[in-house]
Each structure stands twice: as structure tokens, then as C-alpha cells.
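The sequence lines fix the lettering, A, B, ..., with proteins before strands; numbering per chain opens at 1. For the numbers below, each heavy atom of this structure counts, side chains included, while hydrogens, waters and symmetry mates do not.
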Protein chains: 2
Amino acid sequence: MGMSEKGLGPVGLFRAKGKRITPQRRLIVEIIQEHEGHLDADEILLRAKARYPRLSLSTVYRTLDLLRELDLVKELGLATYRRHYEAKPNEEHQHLICLGCGKVIEFQCAHCLDIHQNLADQHGFEITGSRVELLGYCPQCAEKEVDHVHRHLPSE
Amino acid sequence: MGMSEKGLGPVGLFRAKGKRITPQRRLIVEIIQEHEGHLDADEILLRAKARYPRLSLSTVYRTLDLLRELDLVKELGLATYRRHYEAKPNEEHQHLICLGCGKVIEFQCAHCLDIHQNLADQHGFEITGSRVELLGYCPQCAEKEVDHVHRHLPSE
DNA sequence: TTATATGCAAACAATTTGCATCCTG
DNA sequence: CAGGATGCAAATTGTTTGCATATAA
């Protein structure tokens with residue numbers, strides 16, 4: 001599945017969306033792709049500055065947003081840094097979150113939790129909670145997304 | 001399982017950990033437990049002020065931390081509001097996160113993703129990503145946790 | 001050339017903290 | 001009445017934005 005996009009690489013994806021290729025962007029992509037595991041904005045800046053001292057933190061953030069938009073990067077943690085709380089539920093449940101309007105739908109998936117427990121046991125972890133968040137667009141917001149993508153097709 | 005704790009209620013849990021019961025804490029617990037769904041700190045403050053106008057936002061935060069510690073509340077979103085990124089993996093994977101030392105272990109659970117996709121379809125969602133984070137303590141940190149709990153037993 | 005990207009500094013927003021005061025146990 | 005809890009304001013911290021300048025296409 002989908003080997004073609006992969007062959008393109010970031011540069012191709014940039015062009016396809018009418019985004020420019022700058023040394024800063026190249027560098028940030030490189031750092032993230034070379035690195036096993038996850039990095040935060042500060043860590044990326046630190047590594048990048050070794051090779052490009054003038055780089056600014058805002059460029060890192062702007063580039064990360066772009067990479068997320070191009071689906072080149074996966075984000076760990078909540079996009080909005082606002083914490084939400086709910087009374088500890090009797091039944092664990094999971095969340096379906098709309099990135100468009102922020103709507104949250106709860107659902108249950110007991111089977112998943114079993115699997116998770118097994119995995120945790122394998123690693124000797126003592127699990128105190130889990131967070132299963134499916135991110136995407138609800139039917140209403142999905143339409144707007146389509147418009148948004150169309151606007152960026154290489155048609156001009 | 002575990003009906004006994006439930007019978008105690010928040011007040012009992014507070015006492016068991018040597019925490020004081022104040023009207024502010026009572027109120028905040030009440031608000032969260034009465035509310036279906038999730039609330040953030042501001043929303044809690046807003047509702048609480050209707051009945052207790054002098055309440056401050058920092059008390060809300062401090063109380064939320066306490067409730068989390070007592071496991072009376074579940075948190076949606078990342079505890080640290082620092083976003084982390086990783087190169088978009090070919091295989092989706094999930095994270096096992098140690099709340100003690102921050103260690104992150106990646107694992108795969110393809111079966112879960114199928115289940116999630118089904119759920120998403122049921123709700124008409126267009127999924128763009130998922131976040132499965134199991135939170136707990138790794139073997140090393142779990143020990144320290146035990147100490148921590150012992151220190152709070154009503155033994156003095 | 002010309003709109004897009006960048007760097008810098010200032011602005012923001014969520015959360016945390018210091019400290020004097022209050023109040024539970 | 002002693003130490004934990006609160007309220008207030010100021011400090012932190014992660015992230016975003018405005019704007020003049022630099023630069024990819």
C-alpha cells in the first residue's frame with residue numbers, strides 16, 4: 001500500500017502543497033527522521049542549532065505544524081495543552097476526538113484493554129490508567145477539510 | 001470488584017491519605033462527579049464560583065492534582081503540556097509511558113487499530129491518527145511508588 | 001520579482017509557586 | 001493551635017503572533 005508517496009519524500013510533498021523548501025525545513029525533517037523515538041520542540045532546536053545556529057524556536061514550531069499537516073510527523077500528547085478531567089468512570093472508556101470542532105465522543109472497547117494489560121505485563125509495567133484517543137474529523141468537519149485540501153492542489 | 005473503596009467516597013479517601021476536607025474540595029469533587037463528560041480547570045472554576053465566589057483557580061488546580069493522586073479523577077490530555085513528535089511510522093504503534101521517569105516504550109497492537117477503525121466508522125468519523133497511551137510505572141519506579149503510598153497510611 | 005519563510009521580541013494561555021492568612025483536625 | 005489549605009499576584013513555561021527582512025521559486 002502507498003509506496004508511491006513514500007518514494008516522493010518530504011520534498012515532493014512540500015511541492016505538492018505549494019510549500020517552499022528551505023534549509024531550515026530540510027534540517028528539521030532530517031533530525032526527526034534520523035532520530036529513533038520522540039523529540040519535543042526544544043530538543044529539535046538544540047540539535048538543529050548545532051548545524052544551523054540562527055534557527056529560531058518559532059520556525060521549529062511552524063515547521064512542526066507544517067509537517068503534521070503533511071502527515072510526515074506524528075504527535076504524542078494533546079494538540080491543545082488544556083487538560084480535561086472527568087470523574088473516574090466505573091467502566092474505562094475511550095475517546096473519539098474531532099480535530100475540527102473539538103467534539104468528543106466516548107466509546108467502550110473492553111477487548112482493547114485486555115490486550116493492553118497483557119502488553120503492560122510483558123514489560124513489567126504497573127498500569128494506572130490509559131488514554132485511547134482517536135483523532136480525526138466528524139462528518140460535518142470532514143466536509144470542510146475536503147475544501148481545504150482542494151485549495152492546495154497544484155492547479156495554478 | 002472493589003466496592004469497599006467506593007462506599008467510602010471521597011471524604012474517606014481524603015482522610016486515609018491524611019488530607020483535609022475543605023468546602024472548596026467538596027465542591028470541586030461534587031461538580032466533577034455531577035457532570036457528564038469532561039471539564040477543564042476554567043469550566044470547573046466557573047461552575048464553582050456560582051456557589052463559592054471566592055474560589056481561586058490555583059485551588060482548582062491544586063485540588064485536581066490531589067484528586068488525580070487519589071485516583072478520583074481521570075485526565076484527558078497530556079499531564080505535561082509539552083508536545084512530542086516522531087517521524088510518521090510505517091507501522092502505527094502505541095506508547096507505554098512511565099509517569100515516574102518519563103520513559104516511553106513503544107509497542108504494536110494491530111488488532112486494536114482494527115477495532116478502533118470499526119468504531120470510527122460507526123460514528124462517521126474520518127480518522128487521521130490515534131493516540132494510545134498506557135500510563136503507569138515501570139518496574140524501577142513502581143518500587144518508589146510503594147514507598148510513597150506507605151508514607152501516607154494512617155499510621156501516626 | 002513577489003509571495004512565502006524566517007528571526008526576533010513581544011504576546012498569550014495554561015499552569016505553578018511564594019507568601020501571608022485562614023481554618024481543619 | 002499547628003500545619004495543611006487558600007487566595008492573590010507574580011513567575012514559569014510551552015506555544016503563537018506581528019512585523020521587518022531575507023529568500024525560494
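The distance between atom CG of B/Asp65 and atom C1' of D/dG4, rounded to the nearest whole Å, is 16 Å. Counting to the nearest Å, the C1' atom of C/dC8 and the NZ atom of A/Lys49 are 11 Å from each other. Straight-line distance from the CG atom of A/Leu55 to the P atom of D/dA22: 17 Å, rounded to whole Å. Whole-Å rounding puts the B/Leu64 CG to D/dT6 P distance at 12 Å. Atom-to-atom, CZ of A/Arg62 to C1' of D/dG14 comes out at 15 Å; the value is rounded to the nearest Å. We find that CG of A/Leu27 is positioned 15 Å from C1' of C/dA5, with the value rounded to whole Å. Rounded to an integer number of Å, the gap from A/Leu57 CG to D/dT13 C1' is 11 Å. Counting to the nearest Å, the P atom of C/dC8 and the CD atom of A/Gln24 are 11 Å from each other.
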Check nucleotides 22-24 of chain C for protein N or O atoms closer than 3.5 Å to its own N or O atoms and list the pairs.
from   : atom 1 : to      : atom 2 : distance (Å)
C/dT24 : O3'    : B/Ile21 : O      : 3.3
C/dT24 : O2     : B/Arg20 : NH1    : 3.1

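The B/Ser58 side chain lies nearest to C/dT16 when the options are C/dG7, C/dA5, C/dT16.
Annotation: side chain of B/Glu43 is not in contact with side chain of B/His35 (no heavy-atom distance under 4.5 Å).
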Requested in this report: Show your reasoning for whether side chain to side chain contact (heavy atoms under 4.5 Å, CB included) applies to B/Phe14 and B/Leu67.
Outcome: CA-CA 9 Å; B/Phe14 278 26; B/Leu67 296 181; 3.9 Å; yes
Query raised in the report: Which is it for B/Leu96 and A/Leu119 under the side chain to side chain contact (heavy atoms under 4.5 Å, CB included) test, yes or no, and what are the steps along the way?
Result: CA-CA 9 Å; B/Leu96 197 51; A/Leu119 278 158; 5.8 Å; no
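Side chains of A/Asn118 and A/Gln122: a donor-acceptor N/O pair is absent below 3.5 angstrom, by distance only.
Taking 4.0 angstrom as the limit, A/Thr59 places a side-chain polar atom (N or O) nearer than this to OP1 or OP2 of C/dG7.
Applying the side-chain contact (heavy atoms from CB on, under 4.5 Å) test to A/Arg26 and every residue at least two apart in sequence or in another chain returns A/Val11, A/Ile21.
Heavy atoms of A/Arg25 sit under 4.0 angstrom from primed sugar atoms or phosphate atoms, though from no base atom. Looking at heavy-atom distances under 4.0 Å, A/Tyr52 makes contact with sugar-phosphate atoms alone, never a base.
Ionic pairing of B/Glu30 and B/Arg51 is present here: one or more N-O contacts between side-chain nitrogen and carboxylate oxygen are shorter than 4.0 angstrom. Ion pair B/Asp65/B/Arg68 flagged as a salt bridge, since at least one NZ, NE, NH1 or NH2 atom sits closer than 4.0 Å to an Asp/Glu carboxylate oxygen.
Along DNA chain D, the nucleotide nearest B/Leu66 and the nucleotide nearest B/Pro53 are compared for position; the residue whose nucleotide lies closer to the 5' end is B/Leu66.
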